[in-house]
Amino acid sequence: MTMMNHGQPDSSAIVPVLLRLSPEAEWKELLTAIELSLKAQHSVSEFACGLGLKKAVSGYSLHVVPVALYAWLRHPGDFRAALISILECGGDTYTAGAILGALAGVSGGRNSIPAEWLNALWEWPRSRSVVEQIAACLAEQKSSGQAHGPVRFCWPGLILRNLLFLAVVLVHGFRRLLPPY
């Protein structure tokens with residue numbers, strides 16, 4: 001993928017590559033809309049509205065992918081601004097954020113994620129260090145071409161954690177059955 005300085009996306013090089021991915025007219029129209037909106041410096045919300053997604057971005061691939069691509073190209077090197085702009089669109093923010101995160105990760109790596117976000121990650125037993133081990137293992141597998149097996153972590157902890165969350169959800173659900181609900 002063609003990038004500008006420091007791994008940032010260059011829309012003038014990326015859009016032509018994306019155009020070659022599919023001969024579908026709708027895909028080509030969406031990429032043209034991305035180019036035109038980038039030139040006009042529309043916000044991500046304005047771009048989404050231009051696609052007819054005024055209320056929210058759906059999980060339909062021809063809705064969510066162009067919005068994620070646009071946010072990535074509109075805010076090169078600024079994952080925080082790009083993610084916030086996608087969240088402001090509403091709708092299927094999980095999918096849009098995941099696509100944007102993948103794009104930002106490819107172009108900017110871990111350094112593109114705000115440090116305070118990384119430092120706030122906590123999901124025992126799958127800690128930040130476990131995620132970093134998985135990433136290192138995947139990178140090693142990619143470069144060596146050899147499978148390295150699973151990354152080990154305290155998997156029984158997942159059972160305990162999930163039982164706790166189940167209890168919280170059940171208590172909340174039963175509480176909603178009582179007045180004043």
Side-chain angles (χ1 to χ4, degrees), residues 1-123 126-128 130-132 134-139 141-142 165 169 172:
M1 184 172 295
T2 303
M3 301 287 169
M4 292 188 315
N5 297 332
H6 309 293
Q8 300 316 313
D10 176 3
S11 62
S12 64
I14 290 171
V15 172
V17 171
L18 294 173
L19 279 166
R20 292 191 301 264
L21 291 178
S22 172
E24 296 294 323
E26 189 174 4
W27 176 245
K28 292 179 185 261
E29 289 171 18
L30 289 168
L31 292 171
T32 300
I34 288 173
E35 284 182 308
L36 294 173
S37 289
L38 285 170
K39 286 179 186 167
Q41 296 196 352
H42 292 148
S43 70
V44 176
S45 294
E46 290 170 329
F47 173 73
C49 285
L51 297 181
L53 307 171
K54 293 178 178 79
K55 293 183 180 179
V57 177
S58 76
Y60 175 55
S61 61
L62 290 179
H63 291 169
V64 71
V65 171
V67 173
L69 280 169
Y70 185 77
W72 177 58
L73 294 170
R74 175 73 174 85
H75 299 285
D78 191 350
F79 180 58
R80 178 190 306 266
L83 185 60
I84 289 170
S85 69
I86 277 195
L87 295 175
E88 289 171 345
C89 293
D92 190 358
T93 56
Y94 286 97
T95 304
I99 294 168
L100 173 64
L103 292 168
V106 165
S107 60
R110 184 170 87 178
N111 293 336
S112 65
I113 302 169
E116 65 269 19
W117 291 3
L118 288 172
N119 294 334
L121 288 177
W122 186 83
E123 185 187 341
R126 292 179 290 189
S127 65
R128 179 178 162 194
V130 169
V131 173
E132 288 172 347
I134 292 169
C137 184
L138 289 172
Q141 283 182 195
K142 174 73 175 159
F165 285 139
V169 168
H172 179 73

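This is a predicted model, so every value here is computed, not measured. Worth knowing before you read on, the calculation uses all heavy atoms, side chains too, and leaves out hydrogens, waters and symmetry mates.
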Notebook entry, point to check: How close do S11 and P16 get, heavy atom to heavy atom, and via which atoms?
Noted result: O-CD, 4.0 Å

Checklist line | Under 3.5 Å: donor-acceptor pair, side chain of W27, backbone of L18 | finding: yes

Check: Looking only at heavy atoms, what is the nearest atom pair of R80 and P114, with distance?
Finding: NH2-CB, 3.2 Å

Check: What's the spacing between L83 CG and E88 CD if we round to 0.5 Å?
Finding: 10.0 Å

Checklist line | Between CD on residue E29 and CG on residue L36, distance to nearest 0.5 Å | finding: 11.5 Å

Margin query: Quick check against the 3.5 Å criterion: does R74 have a side-chain atom that pairs as donor or acceptor with the backbone of V44?
Written below: no

Item checked: Heavy atoms of other groups near Q41 CD, more than 12 under 6.0 Å -> no

Note to self: I need the S12 OG to K39 NZ distance, nearest 0.5 Å.
What the structure shows: 9.5 Å

Notebook entry, point to check: Atom CG of L31 and atom CD1 of I14: how far apart are they, to the nearest 0.5 Å?
Noted result: 11.0 Å

Note to self: Salt bridge or not between R128 and E132? Use side-chain N to carboxylate O under 4.0 Å.
What the structure shows: yes

Check: Any idea which heavy atoms bring S58 and V64 closest together, and the distance?
Finding: O-CB, 3.5 Å

Next item on the list: Taking all non-hydrogen atoms of both residues into account, name the closest pair between S45 and S85 and its distance.
Entry: OG-O, 4.4 Å

Checklist line | Backbone N/O of G109 and side chain of S112: donor-acceptor pair under 3.5 Å | finding: yes

Note to self: Applying side chain to side chain contact (heavy atoms under 4.5 Å, CB included) to V169 and H172, what does each step give before you reach the verdict?
What the structure shows: CA-CA 5 Å; V169 168; H172 179 73; 5.8 Å; no

Checklist line | Working for side chain to side chain contact (heavy atoms under 4.5 Å, CB included), residues I99 and W72 | finding: CA-CA 9 Å; I99 294 168; W72 177 58; over 6 Å; no

Check: Under 30°, 30 to 60°, or over 60°: which ring-plane class applies to F47 and Y70, parallel, tilted or perpendicular?
Finding: parallel

Checklist line | A68 versus L103, closest heavy-atom pair with distance | finding: O-CD1, 4.1 Å

Note to self: Please evaluate residues I34 and L30 with respect to the criterion side chain to side chain contact (heavy atoms under 4.5 Å, CB included), reporting the C-alpha separation (whole Å), side-chain torsions for both, the decisive distance (0.1 Å), and the verdict.
What the structure shows: CA-CA 6 Å; I34 288 173; L30 289 168; 5.6 Å; no

Note to self: Quick one: does any side-chain atom of T93 pair with a main-chain N or O of G90 as donor and acceptor, under 3.5 Å?
What the structure shows: no

Checklist line | Gap between atom CD1 of I86 and atom CG of D92 - 0.5 Å precision | finding: 10.5 Å

Checklist line | V67 and H63: CA distance, side-chain angles, deciding distance, side chain to side chain contact (heavy atoms under 4.5 Å, CB included) verdict | finding: CA-CA 7 Å; V67 173; H63 291 169; 5.8 Å; no

Checklist line | L118 CG to R110 CZ distance, which is reported to the nearest 0.5 Å | finding: 6.5 Å

Note to self: Whether the side chain of E46 engages the backbone of S43 through a donor-acceptor N/O pair (distance < 3.5 Å, no angle test) should be reported.
What the structure shows: yes

Next item on the list: Give a yes or no on this: more than 12 heavy atoms of other residues, nucleotides or ligands lie within 6.0 Å of atom NZ of K28.
Entry: yes

